[in-house]
Amino acid sequence: MFDRMKLQVLANHARAAAENMAHTLHRTAHSAFVKETEDFTVMLISRRGDTFVVPMELGATWYPGLSWAPALGMVDDYKPGDVAFTNDPYSCFVATHAPDTHLWKPVFHEGEIVAWTGGHIHNTDMGGAVPASLSRALTEIHQEGIRFPPMKLVNEGVFDEQILRIMTTNVRKPDLNIGDIKALVGALNTGERKVLAMIEKFGREAFLEGVDALLDHAEAQAREVLRGMPDGSWEFADYADEDSVEANPCRLKLKLTIRGGEAVLDFTGSDPQLASSLNVPSGGNPRHTILLVGVYYVLYTLNPKILLNTGLTRPFTCIAPEGTVLNPVFPAAVGMRSLTCARLRSVIFGAFSQAVPERLPAAPAGNNCIVNVMTTDERTSRTVIAAVNPVVGGGGGMPHRDGTNGSGADAAYLKNTPIEITETETPVEFIKYGLARDSGGAGRWRGGLATEMAFRVFAPDSRITARNRDRSFFRPWGVLGGKAAGLSDMVVNPGQPEERRLGNIDTAVLQPGDVLEIRSAGGGGRGHPFDREAWRVAEDIVRGYVSPEAAERDYGVVMQDGVLDEEATKARRADRSPVSGHFHFGPEREGYEAQWTRDAYDRLTELLSGLPIHWRFFAKTEIFRRMKGRAGAQGVTEAFAEARVRFPEMPEPHTAYSEAAE
């Protein structure tokens with residue numbers, strides 16, 4: 001039986017092992033996206049397939065609750081030295097889009113599997129319709145690159161050259177893919193050695209017992225956090241700007257119910273499965289890690305000492321109806337699921353913010369835009385595909401401090417690549433890279449500032465993909481009197497006669513001399529802006545975070561010739577607007593929801609869920625097309641009836657919903 005001290009010693013050894021794995025991968029990876037941006041994971045896995053430790057210093061933070069069990073069982077006859085892999089989102093719902101290649105290796109001790117080592121890398125490209133394989137414009141999984149169901153990649157220490165040949169034939173930069181995969185295999189080997197060292201130190205049975213105890217302890221910690229919250233139910237919704245290219249908003253809806261040490265997250269009311277790549281492949285697993293990423297952030301915020309492993313998922317049950325954006329059916333495209341996941345985290349944050357408002361921040365930017373360039377290097381005439389930099393927005397205002405600038409909260413694990421390295425490896429020239437003034441939501445605690453970046457290309461037909469472009473219409477929300485943040489933007493040749501604003505378009509073709517400028521959203525503010533000390537606002541002006549105009553307009557702080565005018569500030573702050581409601585969403589969402597009320601969306605959900613899955617997105621689009629001059633539930637009912645007249649092939653909804661419409 002592990003006492004608390006002995007369990008902590010094992011936890012420290014396991015964490016050190018995971019950190020060693022991460023450093024092995026980080027040092028030996030080939031692509032900038034892995035070795036600089038750090039879009040990778042490594043972990044140790046129990047015999048049953050539960051992740052029991054992840055590193056804290058390096059890599060992505062999505063997968064501490066990942067269950068590998070579905071993948072482990074799809075490969076037969078494991079032997080020492082074997083490594084299996086998959087990148088197919090639909091085979092076992094371990095990988096969640098094609099560029100994420102997941103590998104796992106059995107750890108044998110005296111002829112028996114005692115653990116597994118595992119992890120993933122985000123490959124720069126897996127083939128498919130666009131460079132880097134990802135665009136919201138794609139409509140089916142087959143367009144998103146080559147997919148491998150779970151199979152052995154390494155047999156008793158020897159790579160399967162046939163598989164490698166298939167991969168290199170189908171991807172745009174095979175050397176980067178193969179180099180990163182081999183680096184990950186090296187990390188798995190490091191993990192294997194560390195597991196065997198722990199077994200030697202603690203003994204085999206004690207190690208196995210300790211792994212179970214680590215999972216149980218994380219579960220107990222999560223339940224303790226939940227017990228510190230009031231029992232009750234809270235609802236929240238948030239929107240991605242577009243459900244497909246230049247189309248309608250995508251709504252995610254959550255009803256959070258907490259009872260004692262358990263919580264139910266019911267996503268019923270979220271949009272139907274989309275005809276774009278924004279779908280999130282959860283397989284309907286009630287504890288799928290991709291549905292619970294936002295929960296990990298909440299738990300870790302409320303208890304920074306919590307163990308990050310699959311035990312955290314046990315107190316939570318997610319409901320994601322089949323055929324919706326959070327549980328699509330094959331062959332729906334899923335490549336841009338990270339955009340929807342950012343909004344999914346916002347929805348979770350919003351629900352928990354109502355449960356414990358005094359302890360949680362405002363919304364982070366929620367649009368971690370990742371920019372890839374495919375161009376020609378004029379010095380060598382070779383094609384280059386590279387991740388340029390993530391353009392990540394600010395964190396939301398905290399209960400005790402401002403939001404983090406340019407590296408907000410749930411996207412902070414994506415590291416920036418120094419521009420000197422990018423310019424060395426990729427033929428582009430940076431014009432601008434920094435923080436965007438006035439982009440953080442005003443508040444007692446200001447939202448973190450957005451990132452803005454601009455670069456010039458030199459070769460004809462340079463193709464840019466900027467995945468996860470969002471928040472150009474629906475702002476990150478403020479709380480408790482704080483204001484919503486500034487919006488994102490993407491512009492070609494800003495300030496020039498040929499300037500083009502691209503909104504949320506995530507692909508562009510640039511010609512020699514063209515400049516692309518991208519700005520993320522900021523983080524929402526927390527608390528009334530007039531409660532912010534005037535000296536803090538003056539300091540923000542000096543630092544370039546807030547303009548004098550915004551200081552007076554949003555904070556009631558008046559500057560004269562660079563000096564704080566205390567009397568004018570006192571008079572201006574006397575005209576204080578009252579706090580109205582928990583959230584501030586900004587004029588765009590307020591105007592949108594005047595037409596698309598909660599009742600309207602409830603009616604839309606009733607109608608669409610009564611249709612066959614393949615009709616739902618079409619019906620949604622036709623209803624939206626006919627909502628001009630209409631509003632609310634009655635407007636939705638009328639629009640649907642009109643659509644059925646135009647398209648008599650559209651089936652009637654399920655009987656219960658048909659009766660409700662009469």
Side-chain angles (χ1 to χ4, degrees), residues 61 236 238-241 293-294 297-298 300-301 339 341-353 357 359-369 390-414 416 434-453 468-489 518-529 531-532 536-537 539-540 543-547 550-551 554-555 582-586 588-589:
T61 53
F236 191 71
D238 209 342
Y239 306 86
D241 292 344
V293 177
Y297 283 99
V298 170
Y300 195 77
T301 297
L339 188 158
C341 286
R343 204 56 52 247
L344 175 59
R345 296 193 295 273
S346 299
V347 170
I348 291 172
F349 297 159
F352 276 99
S353 174
R359 302 176 67 189
L360 291 177
N367 69 319
N368 49 326
C369 176
V391 183
V392 179
M398 301 289 287
H400 58 286
R401 67 168 174 84
D402 294 338
T404 304
N405 290 329
S407 184
D410 54 334
Y413 67 88
L414 289 172
N416 68 306
L435 300 174
R437 188 166 69 166
D438 291 338
S439 56
R444 164 66 181 88
W445 295 113
R446 176 181 44 76
L449 300 181
T451 301
E452 55 186 359
M453 178 179 75
N468 302 337
R469 290 278 307 123
D470 198 37
R471 290 300 202 196
S472 68
F473 183 78
F474 292 104
R475 298 172 184 267
W477 33 267
V479 296
L480 303 175
K483 302 301 181 183
L487 295 168
S488 67
D489 201 4
I518 303 176
R519 185 178 69 247
S520 70
R526 190 180 195 280
H528 199 293
D531 290 335
R532 186 172 178 82
R536 290 187 190 274
V537 180
E539 192 174 74
D540 283 345
R543 290 174 171 173
Y545 294 170
V546 175
S547 67
D554 298 333
Y555 293 94
H582 183 83
F583 298 102
H584 178 257
F585 296 114
E588 298 85 0
R589 175 164 171 171

Q | Whether N367 side chain and R469 backbone form a donor-acceptor pair below 3.5 Å | A | no
Q. Would you call N405 and Y545 a side-chain contact if the rule is heavy atoms closer than 4.5 Å?
A. yes
Q.
If you compare all heavy atoms of R359 against all heavy atoms of T301, which two are closest, and at what distance to 0.1 Å?
A. O-CG2, 4.4 Å
Q: List the atom of A450, the atom of A521, and the distance in Å for their closest heavy-atom pair.
A: CB-O, 3.3 Å
Q | Short side-chain to backbone donor-acceptor contact, R526 and L360, under 3.5 Å | A | yes
Q: Grab the two heavy atoms, one from A362 and one from G478, that are nearest each other, plus how far apart they are.
A: CB-CA, 4.2 Å
Q. What is the distance from atom OG of S547 to atom CG of D540, rounded to the nearest 0.5 Å?
A. 11.0 Å
Q. How many angstroms lie between atom OG of S353 and atom CD1 of I348, to the nearest 0.5 angstrom?
A. 13.5 Å
Q: Could you tell me which residues satisfy side-chain hydrogen bond (donor to acceptor under 3.5 Å, both in side chains) with Y239, sequence neighbours excluded, listed by chain and number?
A: E593
Q. Going by heavy atoms in the side chains, are H582 and W477 under 4.5 Å from each other?
A. no
Q.
Show every salt bridge (charged side-chain N to carboxylate O under 4.0 Å, His left out) that has at least one partner inside residues 396-406, sequence neighbours left out.
A. D402-R446, D402-R532
Q.
If I take atom CD from residue E452 and atom OG from residue S488, how far apart are they, to the nearest 0.5 angstrom?
A. 12.5 Å
(Q) What's the separation between atom CZ in F349 and atom CZ in F236, rounded to the nearest 0.5 Å? (A) 11.5 Å
Q.
Using side-chain heavy atoms (C-beta onward) and a distance below 4.5 Å, is R589 in contact with F474?
A. yes
Q) What's the spacing between Y555 OH and D531 CG if we round to 0.5 Å? A) 11.5 Å
Q: Evaluate the side-chain proximity of R519 to V391: yes if any heavy-atom separation is below 4.5 Å, no if none is.
A: no
**Q.** Within 45° cone and under 6.0 Å: R343 NZ/CZ vs F473 ring
**A.** no
Q | Shortest non-hydrogen separation from R471 to G366 and the atoms involved | A | CG-O, 4.4 Å
(Q) With side-chain contact (heavy atoms from CB on, under 4.5 Å) as the criterion, how do D438 and V546 come out once you've worked through the C-alpha distance, each side chain's angles and the decisive distance to 0.1 Å? (A) CA-CA 5 Å; D438 291 338; V546 175; 3.8 Å; yes
(Q) Looking at every non-hydrogen atom in both residues, tell me the closest pair between A485 and G523 and how far apart they are. (A) CB-O, 3.2 Å
Q. Please walk me through it: do L449 and R437 pass side-chain contact (heavy atoms from CB on, under 4.5 Å)?
A. CA-CA 7 Å; L449 300 181; R437 188 166 69 166; over 6 Å; no
Q | L435 side, atom CG; T451 side, atom OG1 - distance, nearest 0.5 Å | A | 6.0 Å
**Q.** Heavy-atom closest pair, residues P529 and K483
**A.** CG-CG, 4.2 Å
